Amino acid sequence: MPKVTLPDKSVIEVEPSTPAVEIARKISRSLAEESLAAKINGKVSDLNTPITADCELRFLTFEDPEGREVYWHSSSHLMAHAIQSLFPEAKFGVGPAIDDGFYYDIDIDKTLTPADLEAIENKMHEIGERNDAFQRKVIRKDDALKFFKEKKDPYKVEIISALDETITFYSEGDFTDLCRGPHVPSAGKLKYFKLLGTSGAYWRGDSKNKMLQRVYGVSFPKKKMLEDHLKMLEEAKLRDHRKLGRELELFAFHDIAPGAPFWLPKGMIIFRELEKFIREELDKLNYDEISTPMLVKKDLWEQSGHWGHYKENMFILDVDEETYSLKPMNCPESTYVYRHKVRSYRDLPLRYSEIGRLHRNEISGALGGMFRVRQITMDDAHIYCRPDQILSEINDLIGLIRRVYSLFHFEVSFKLSTKPDNAMGDPKLWEEAEAALAKALEQNGIKYGVKEKDGAFYGPKIDIQIKDALGRDWQVATIQLDFVMLPERFDLTYIDVDGRPKRPVAIHRAVFGSFERFVGIITEHFAGAFPTWLSPVQTAVLPITDNFNDYAASVVDALKKRGVRAELDDRNEKVGYKIREWETKKVPYMLIVGQKEKDSGTVSVRRHHEGDKGAQKLPDFIASVTKEIVEKN
RNA sequence: GCUGAAGUAGCUCAGCGGUAGAGCAGCGGUUUCGUAAACCGCAGGUCGUGGGUUCAAAUCCCACCUUCAGCUCCA
């Protein structure tokens, strides 16, 4: 009898060919109820897969990423089923689960409208209520081809023709689809869903192929989860940095400069605070700041290799019979600073930081608010070090990145990308470097993911992701080792102890990535209510009537003297009106002053979003707000 | 770049062949007020740009510009 090992290491014996789901039932009814699929010896399988031999078994629920994937994949089948019954002429492309839902690509003559989506959604409920089982069937290739040829579905025929492996169909009611699976046991498991929209997508992602309509949706086993998800999408819309940027007067876009923001005075305050902060951090870590030319001859890019691989993304212009380009990255030019004089092993590491503007000609369709711009300001740096210094440099960088991001209350995660197949450079150096990166992560107690073979051809890297207040992931910082592009192509050397020239290792790194994108991210993360140290206006002083304008002005004066960004609101308006306005501008503190405050030398403090905090002596308020600013709380 | 949608006052939007509209913001006045919108008045627009159809175009047609959603996540 097969022995089944469960995640808690307990072992149970079962009759041969017992479906996995029976084992779940034996454990508990709720487990059987919540399970979506079974992981048998590490392979995600249908819940009713018969257990025929000894195995390790784990049940997957919606809590597991793999469980969600099965759930969404099954949802996409249910959607296709609904589409087929409403539009029998529809042909189907692919319909996978994605990070936050699912889609199906369909080929149909009419353009689907929101009303159609609603009809499809209703049909899905109707079909779901029948609770038909998802049935798996292994099928011979020629039978599979015959089936879809008869169904006149050229996309499925194309997919099957290219398959060598075992071909399986899944049927659920009167809908049959080519599918590797696995699926939830029956359509009734799929309860709460919402179709979110449609878009065009080329068959196989190739613009030479026909464009299909992609229908996106999301589904959940509990009503509350769907509601929360939809609420989150709404919230994201409200927090859209393009809207907040305009309303809070941070930045603006104009047709005259596509893909480039105009930084408004208030946005520039945030920019400068971030810049000041990162410079202070880098000073502590013994970086040297440099600034290199923005307009350079193409020879530089020929030498670095960018001319061959990156030319389409560069702004190129002819000047005096020479071809120039606006720099799309800083790295090649930093080597000129390195090569300014002969370097000794004693000089290393050299840490060159550069906050400069870069120009990248992103294709027009890729532009989007601050997230994707053509003119970016990067907090870039290139560290030149000896191979034996890699570990300590990476340690410092990990520390820096964690320190910076914890300040913004972001959750940080790290991913190590290893040697790709097209790697260049000394294999031994690769090995040592990957080991150093892994060791640095481990020394810092970091659990990290590994992306096999995902490094650049010139070195392994660590990508840093952050999770914002809405649970969305952003790829921001990066730490990239480089043995080839800068050191080899620009023939960088240092004189080692033995008097011989050696190659340094270069480390490309950025913490914020680009200021534009980072400001966009934090605008949405904080929903425009920036922490006090970043707030363009830190306190607004509101006299109750113009009888107290003088006292209010003296309060503003006192704040400004202590470096607090304060504004006087002496407009002839009721205090309720002024409060409403400063609330919507998300200013952290409002100080309301009238007769009482003037007589007692106090201010009535109102905190954004929290309300009235009562009166405080002015010096006390100044002390607490300046403390908050200095500590960046 | 490709597919689709959109562009009217600073902002949000109505108007969709017949003299350009509202609310908010702005400006002037009245009011002097205690924790999220006082009242009255005024001003504000080459209807994205260029061309065409028409007696007449914000409105219909064509081209371009810009923005938005998507185009990577592969039975």
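All of these numbers come straight from a predicted model, not from anything done at the bench. All values below were derived from every heavy atom in this structure, side-chain atoms included, with hydrogens, water molecules and symmetry-related copies excluded. Lettering follows sequence order; numbering is per chain, from 1.
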K.L.:
Roughly how many Å apart are B:rU53 and B:rU19, using the P atom of each and rounding to a whole number?
P.N.:
23 Å

K.L.:
Please determine, for B:rA69, whether a Watson-Crick or G-U wobble partner exists with both distances under 3.5 Å, and give it or none.
P.N.:
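B:rU3 - that is the nucleotide pairing with B:rA69, both distances being under 3.5 Å.
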
K.L.:
Using the C1' atom as the point on both nucleotides, what is the distance between B:rA14 and B:rA22, in whole Å?
P.N.:
7 Å

K.L.:
Would you indicate what A:G576 reaches in the nucleic acid, counting non-hydrogen atoms under 4.0 angstrom: base, sugar-phosphate, or nothing?
P.N.:
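Sugar-phosphate: the residue A:G576, judged by heavy atoms under 4.0 Å, touches backbone atoms but no base.
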
K.L.:
Which is true for A:K578 with a 4.0 Å heavy-atom rule: it touches a base, it touches only sugar-phosphate, or it touches nothing?
P.N.:
nothing

K.L.:
Just checking A:T166: base, sugar-phosphate only, or nothing, at a heavy-atom cut-off of under 4.0 Å?
P.N.:
base

K.L.:
B:rC13 and B:rC68: how far apart are their P atoms, nearest whole angstrom?
P.N.:
15 Å

K.L.:
Under 3.5 Å for both donor-acceptor distances, Watson-Crick or wobble: does B:rU32 have a partner, and if so which one?
P.N.:
none

K.L.:
Any side-chain donor paired with an acceptor under 3.5 Å for A:W203 and A:D105?
P.N.:
no

K.L.:
What's the shortest heavy-atom distance between A:V519 and A:I270, and which atoms?
P.N.:
CG2-CG2, 4.2 Å

K.L.:
Which donor-acceptor pairs under 3.5 Å do the side chains of residues 545-558 of chain A make with protein atoms, sequence neighbours left out?
P.N.:
residue	atom	partner	partner atom	Å
A:T545	OG1	A:N547	N	3.1
A:T545	OG1	A:N547	ND2	3.4
A:Y551	OH	A:E597	O	3.4
A:Y551	OH	A:T602	N	3.2
A:Y551	OH	A:T602	O	2.7
A:S554	OG	A:Y551	O	2.6

K.L.:
What closest approach, in Å, do A:A37 and A:S45 show between heavy atoms, and which atom pair accounts for it?
P.N.:
CB-O, 3.4 Å

K.L.:
Roughly how far apart are A:F220 CZ and A:S75 OG, rounded to 0.5 Å?
P.N.:
9.5 Å

K.L.:
Any ring pair (Phe, Tyr, Trp, His ring centres under 6.0 Å) involving residues 94-120 of chain A? Give me the pairs, sequence neighbours left out, ordered by first then second residue.
P.N.:
A:F92-A:Y104, A:Y103-A:Y216

K.L.:
Let's test this: given Watson-Crick or G-U wobble pairing with both distances under 3.5 Å, identify the partner of B:rG50.
P.N.:
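In the structure as shown, B:rG50 has B:rC62 as its Watson-Crick or wobble partner.
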
K.L.:
Assert yes or no for the condition that the ring centre distance of A:H77 to A:H73 is strictly below 6.0 Å.
P.N.:
yes

K.L.:
Strictly by Watson-Crick or wobble contacts shorter than 3.5 Å, is anything paired with B:rC24, and which nucleotide is it?
P.N.:
B:rG10

K.L.:
Under the 6.0 Å and 45° cation-pi test, does A:R607 pair with A:Y589?
P.N.:
yes

K.L.:
Working to the nearest 0.5 angstrom, can you tell me the gap between A:L163 CG and A:K141 NZ?
P.N.:
6.5 Å

K.L.:
By the 4.0 Å heavy-atom rule, please label A:E581 as base, sugar-phosphate, or nothing.
P.N.:
nothing

K.L.:
Using a 4.0 Å heavy-atom cut-off, does A:S199 contact any base of the nucleic acid, only the sugar-phosphate backbone, or nothing at all?
P.N.:
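Counting heavy atoms under 4.0 Å across all strands, the contact made by A:S199 is with sugar-phosphate only.
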
K.L.:
Pick the P atom in B:rC71 and in B:rA63, then give their distance to the nearest Å.
P.N.:
26 Å

K.L.:
Between B:rC40 and B:rU66, how far apart are the P atoms? Round to whole Å, please.
P.N.:
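To the nearest whole Å, 45 Å.
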
K.L.:
Nearest-Å distance, CD (A:E362) to P (B:rC68)?
P.N.:
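Distance check: A:E362 CD to B:rC68 P gives 14 Å.
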
K.L.:
What is the distance, to the nearest angstrom, from the CG atom on A:L591 to the P atom on B:rU35?
P.N.:
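That distance rounds to 16 Å.
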
K.L.:
Taking the six-membered ring where the residue is Trp, are the ring centres of A:Y71 and A:F62 under 6.0 Å apart?
P.N.:
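A:Y71 vs A:F62: aromatic centres under 6.0 Å.
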
K.L.:
Considering Watson-Crick and G-U wobble pairs with both distances under 3.5 Å, what does B:rA43 pair with?
P.N.:
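When the pairing criteria are applied, nothing turns out to pair with B:rA43, so the answer is none.
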
K.L.:
In whole angstrom, give me the gap between the C1' atoms of B:rU49 and B:rC65.
P.N.:
7 Å

K.L.:
How far, in whole Å, is B:rA36 from B:rC11 if one measures between their P atoms?
P.N.:
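It comes out at 29 Å once rounded to the nearest Å.
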
K.L.:
Report all interatomic pairs (protein N or O, nucleotide N or O of nucleotides 9-12 of chain B) with separations under 3.5 Å.
P.N.:
residue	atom	partner	partner atom	Å
B:rU12	OP1	A:R246	NH2	3.0

K.L.:
Within a strict 4.5 Å, meaning less than it, do heavy atoms of the A:T418 and A:K451 side chains meet?
P.N.:
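Result no, sub-4.5 Å side-chain heavy-atom pair not found.
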
K.L.:
Base, sugar-phosphate alone, or nothing: which one does A:N547 contact when heavy atoms must sit under 4.0 Å apart?
P.N.:
sugar-phosphate

K.L.:
Using a distance-only test with no angle check, is there a side-chain donor-acceptor pair under 3.5 angstrom linking A:H81 and A:D132?
P.N.:
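Side chains of A:H81 and A:D132: no pair found under 3.5 Å.
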
K.L.:
Polar atoms only, N or O, under 3.5 Å: list the protein pairs with nucleotides 63-67 of chain B and their distances.
P.N.:
residue	atom	partner	partner atom	Å
B:rU66	O2'	A:D255	OD1	2.5

K.L.:
Touch check for A:E573, heavy atoms < 4.0 angstrom, all strands: base, sugar-phosphate only, or nothing?
P.N.:
base

K.L.:
Contact class for A:E249 vs. all strands (heavy atom < 4.0 Å): base, sugar-phosphate, or nothing?
P.N.:
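A:E249: no heavy atom of the nucleic acid under 4.0 Å.
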
K.L.:
How far does the C1' atom of B:rG10 sit from the matching atom of B:rG26, given to the nearest Å?
P.N.:
8 Å

K.L.:
If a pair satisfies side-chain hydrogen bond (donor to acceptor under 3.5 Å, both in side chains) and one of its residues is in residues 248-268 of chain A, list it, with sequence neighbours excluded.
P.N.:
none

K.L.:
Mapping A:Y577 and A:R580 onto RNA chain B by nearest heavy atom, which one lands closer to the 5' end?
P.N.:
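Here A:Y577 is the residue nearer the 5' end.
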
K.L.:
Check nucleotides 72-74 of chain B for protein N or O atoms closer than 3.5 Å to its own N or O atoms and list the pairs.
P.N.:
residue	atom	partner	partner atom	Å
B:rU72	OP2	A:G205	O	3.0

K.L.:
Checking base pairs now: Watson-Crick or wobble, both atom distances under 3.5 Å. What partners B:rA57?
P.N.:
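Pairing partner, where one exists within any strand: none, as none qualifies.
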
